[in-house]
Structures are given as structure tokens and as C-alpha cells.
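Quick note on labels: first sequence line is chain A, next is B, and so on, each numbered from 1.
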There are 2 protein chains.
Amino acid sequence: MQVRSNMIPFPLNGTRQAQGACADCGVKSRAVCAGLAPEETGILTTIMSTVTLAPNQLLFEQGDLRSRAYTLTSGMLRLSVSLPDGRRQIAGFVTPGDYLGLSGEDVHTQAAEAVTACRLCSFPVPEMNRLMEQHPRLRDRLHELTRKALLEARGNLLMLGRLTPNEKLARFLLGLSDRAVENGQPATPLALPMTRTDIADYLGLTIETVSRSFSALKTRGLIQLADAHRVEICDRPGLTALAGLPV
Amino acid sequence: MQVRSNMIPFPLNGTRQAQGACADCGVKSRAVCAGLAPEETGILTTIMSTVTLAPNQLLFEQGDLRSRAYTLTSGMLRLSVSLPDGRRQIAGFVTPGDYLGLSGEDVHTQAAEAVTACRLCSFPVPEMNRLMEQHPRLRDRLHELTRKALLEARGNLLMLGRLTPNEKLARFLLGLSDRAVENGQPATPLALPMTRTDIADYLGLTIETVSRSFSALKTRGLIQLADAHRVEICDRPGLTALAGLPV
DNA sequence: CGTTGCATTGAATCTCGTCAATTCGGGTGG
DNA sequence: CCACCCGAATTGACGAGATTCAATGCAACG
């Protein structure tokens, strides 16, 4: 059983404000927006507002009514499912451009919390649904993102069920690195904004095992740790092989 | 490391034949077809053919080109991902009404094999895509099924990462039971057509641990085994509590 | 009636989780 | 500026629990 970091309920530090500037948005090529024709780029603006979150702040909780959908524009979130006794599984880390609300349920089945300070675009669900009907490209884009999310979730099943701790960590680091590249950051050194507890809950391990796995990868010369939250990937092919991934 | 059952490559026992009878189909209320208006029910027939599979027969393999989509009408399939060294994770068991091809990739990322004798409707992917464009309801229905699949996959993450073997087995049995009910069968006794190896690869365990968990649930009076493939659920609330699921 | 494949059970092993101590780094206040 | 404190991460020792290895049981089939 592990102690969770103090959760800050949503409206405490959150701010919402109308904002019309999609033009200079850094994630528009990867986000939902990417599906829209040039003349449509503005349609989301009409129903959109902006949210900011402080680290560890809760965006929504398991069981909350889902009234809004979101696109993360900066920062990182974690999506998690918890059992009554406190065991927690992190279903994924949300990086800029990702959309929250793909599974489309009425009530949230997972919680979303900020890992780092976050900035999001927020859309009311009913309006979003209306826009989807009116704009086929938006609808198709969301469908496409849902399919990708399904592929990713299924890939994680193999990881959780059949990989060893070292293999899990290798895969985790490579996945984060790929996402960093997608977001225009270098593949290495890699920032690990989340805590060891988060990583453990993502990989289905304990923080101690995660820490030992970091040490194991270091010993094998695959990575180096500047500090606990900054990894240098020294041997990417080696890491890839360990992770059991295709070259 | 575990030995796999002998795989039979696809065209060996498979048969394909044109068939026009959706009218008396037993799964049309749960399958893709459920999204179609009465006058549209026939549209799929025009591009459809029928496939039958013998137990353990391979429908497609990881890496195969995805040329067809399917709806299972009877029997059971397993979807699995394997590592080069033979470790395998079963992503899910496919029951009647389920659709194969939701994630929409060009190349299959998982294998599909028959657990029992199966009967499927088969659709060429290009024609299916064309139909989706022409029939919004079909498209929406597939989107809806994709969302459900995403929810299920995410639920399985918690199971694989954080549940104990007994809890995993309890959840597995309850899930199967629920699906049996959806397909018009009694909630108990429950048929387990798959092998212990399949169950182990689904739950991220070994066959021995699966077997011991069955024994543990028996000892606690939660279930009874007529034989290895037929379970009587004696204490559903008890099982539900053990699985950590809401009542 | 022997063979074969699968499931169960037992015993030994080992990995990972638990508990506990130590280190490290960042922030605060004197 | 430094001492102190606190939370997080690392490391070590130990033990529980799952895997591995091995033996037995059981049912289907030729």
C-alpha cells in the first residue's frame, strides 16, 4: 500500500478564461485540430475555454460526471484507476496534443491529475458532440485518435502481463522518448516529470523495484541518471532489444 | 516458457461462401449491424462472405496484412500478442457479436485464433470503408464499438497491473458470465472453452497459478468445477467482492 | 488398453514486494 | 549563507508469493 501525494480538488487553483488564439498553438498539428480543414480551424474556438492546473491538481475524479472534453496543450497529466484499498493503476500519461474524452462515457472511469503545471483547451461535451455531427473531419479525427488509443492500451497489456521489471522500464523510457521527439524535444536527455510512485503505478511494480530497475539499466550502460528526473539514453538499440521491441 | 497448441494456418480448413441471410442472424442486435436502420440491414450482405474456423485454427497472424474485417457470429476467438521468445499475452476473448478490426491498422498487431469452432461474417476492408462513408450509422456504430473496446482494454490494465491471481480469476469469470448473459445464455453454469494456458496468458499468470486459484475459489465456496471447462458460480456477491468490483 | 494432452498438486527456487535505514536535493527559516 | 527539515529516491535485508520443475491424475482417442 502506498501513500498518494496530496490531491488538490479542481476549482481551487484552476482558472477558466475565454481565449481565441488557436493560430499560434504549438500542438495543433497533433491534436484533434489536425483533422480540420483550414477554414474549420476556428470552429472549436467558439466553444472553447482554457484551463490551467498546478502540479498534482485534480482535473476530474473517477465517478465524476463527464461534462467537458479536453486537449492538453502543455504539461503532463496522469490518468489513473484506483481500487478502494488504494491500489492504483496509471492507464497512461497524457502529453501535449492528446485528447481527453475519447472513450466517451457519461461518467469518468478514471481520474486525471496534473503531473506538471498544465494548460488545456476545454470543450463542453454537448457542444462537442454537436460539432462532431456538423464537421465530419472532426468526427473522423476523434475516431482515429480513439483507434490509436486502443492500440496503445492493447500494447500495454502485453507489457503489464508478460514483461519483467527491467523490460517494462526500458519500454517505458523508449515510449516517453518517442513522444518527446513527436513534441519537438530531443530524444535524450529525457525529462521524467513524474515520481517513482507514478512510474511504479504505470508499470505495475513498486517504487523500490522501479528504483532497482533504474540501477540495473545504469549498470548495463543503457542509461545514465543526471538526477532522478533526467535520464540520458546511452544505448538506444540495447534498450530497444531489452524492451523486446522491433528495431 | 510454455508450449503453444499446434496452429493450423488459415486456408486449410476455412471455407468462404456467399451467404445472404442476415435476417435470421442471432447476433444482429449486438453486432455492428445493430447500428443500421431496418432498410439498411441488407447493405452489408452485398460485400459479405462467411468463414468457418476449426478449433485452434488461425484467422490471421501478427504482421499479416489486414485485408478483411469480421463479425463473429458463433464460437469464440482469442486475440493475442506474442514476443519472439514465446511469451504471449491474450488481449481478449472474442464472443459472438464482437467485431474484429476496430483498431483499423494496416497490418495486424495481434493474432486471432479460434478457441472453439467459429462462424464469422467477413468484409473486405476497402468496401467496408466505402460503406462507412456512405452510411453514417454504420460508421457511428463502429466508433461506438471502438470506444467500448478502449474502455475494456483500460479496465484490463488495472487487472493485469494490480490484482492478485485470485482477484484476476474472479474478475475473469464474472466478465465471461456477463457476456454469456448478453448472448442469451445462463449466468451459471459457465462454459470455459479455452485452456488453462489461454486463461494464464490472459491474466498474466502461469497455468499452475491459474489452477491453484481455481482451487482457492473452490475452497472458499465461491465456485464449483463440474469439470475443468464448466464452472458453477455459487456465490456471485462473494466473487464480485473478491474481484474488487462494484456491487 | 496404452498413448497423449491437459489439468492438478506438491516441492524447491527465485523474483519481487515489504520493511527499514540511509542518502539526496530542494525549500525554509534563522 | 548555512543549518535544518521534509519528501522522495536509493539501497539493503528479509520474507511472502508466484514461478519453475517434477510427479500424478484424468479424460479422450486411436
Compile the donor-acceptor pairs under 3.5 Å between side chains in residues 148-160 of chain A and protein atoms, sequence neighbours left out, one pair per line.
from	atom 1	to	atom 2	distance (Å)
A:N156	ND2	A:Y202	OH	3.3

- Item | Bending between helix ends of the helix from C:dC1-D:dG30 to C:dG30-D:dC1 [5 pairs per end, 10° resolution] | 20°
For atom [atom1] of [X] and atom [atom2] of [N], their distance in whole Å:
{"X": "A:N166", "N": "C:dT15", "atom1": "CG", "atom2": "P", "result": "11 Å"}
{"X": "A:R162", "N": "C:dT15", "atom1": "CZ", "atom2": "P", "result": "17 Å"}
{"X": "A:M194", "N": "D:dA9", "atom1": "CE", "atom2": "C1'", "result": "15 Å"}
{"X": "A:L163", "N": "D:dT19", "atom1": "CG", "atom2": "C1'", "result": "16 Å"}
{"X": "B:D201", "N": "D:dT19", "atom1": "CG", "atom2": "C1'", "result": "14 Å"}

- Go along nucleotides 24-30 of chain D 5' to 3' and tag each nucleotide: B for a protein heavy atom under 4.0 Å from its base, S when only backbone or sugar atoms are that close, - otherwise. -------
- Message: At under 4.0 Å between heavy atoms, how does the protein contact nucleotides 10-18 of chain D? Give one character per nucleotide, 5' to 3', with B, S or -.
- Response: BBBB----S
- Query: Under 4.0 Å: is that the gap between some side-chain N or O of A:H229 and OP1 or OP2 of D:dA9?
  - Reply: yes
- For B:T52 and B:R119, does a side-chain donor sit closer than 3.5 Å to a side-chain acceptor? no
- Message: Checking B:R88 against B:S80: is there a side-chain donor and acceptor pair closer than 3.5 Å?
- Response: no
Can you list the residues that meet the side chain to side chain donor-acceptor pair (under 3.5 Å) rule with [X], with sequence neighbours excluded?
{"X": "B:T164", "value": "B:E167"}
{"X": "B:N183", "value": "B:R30"}
{"X": "B:T209", "value": "B:T206"}
{"X": "B:T188", "value": "none"}

- Query: Should the pair A:F93 and A:F172 be assigned to parallel (<30°), tilted (30 to 60°) or perpendicular (>60°) ring geometry?
  - Reply: tilted
- Side chains of A:L100 and A:V94: does their closest heavy-atom pair fall under 4.5 Å? yes
- Message: Taking salt bridge (Lys or Arg N to Asp or Glu O under 4.0 Å) as the cut-off, I'd like each qualifying pair that reaches into residues 223-232 of chain A, sequence neighbours left out, listed once.
- Response: none
- Pairs meeting criterion salt bridge (Lys or Arg N to Asp or Glu O under 4.0 Å) with involvement of residues 55-65 of chain B, two or more places apart: none
Contacts under 3.5 angstrom, residues 239-247 of chain A side chains, donor-acceptor by atom type, not counting sequence neighbours:
from	atom 1	to	atom 2	distance (Å)
A:T240	OG1	A:R236	O	2.7

- Query: Which residues in residues 169-177 of chain A have at least one heavy atom lying under 4.0 Å from any atom of DNA chain C?
  - Reply: none
- Message: Looking at B:T109 and B:E105, would you say the former's side chain and the latter's main chain have a donor-acceptor pair under 3.5 Å?
- Response: no
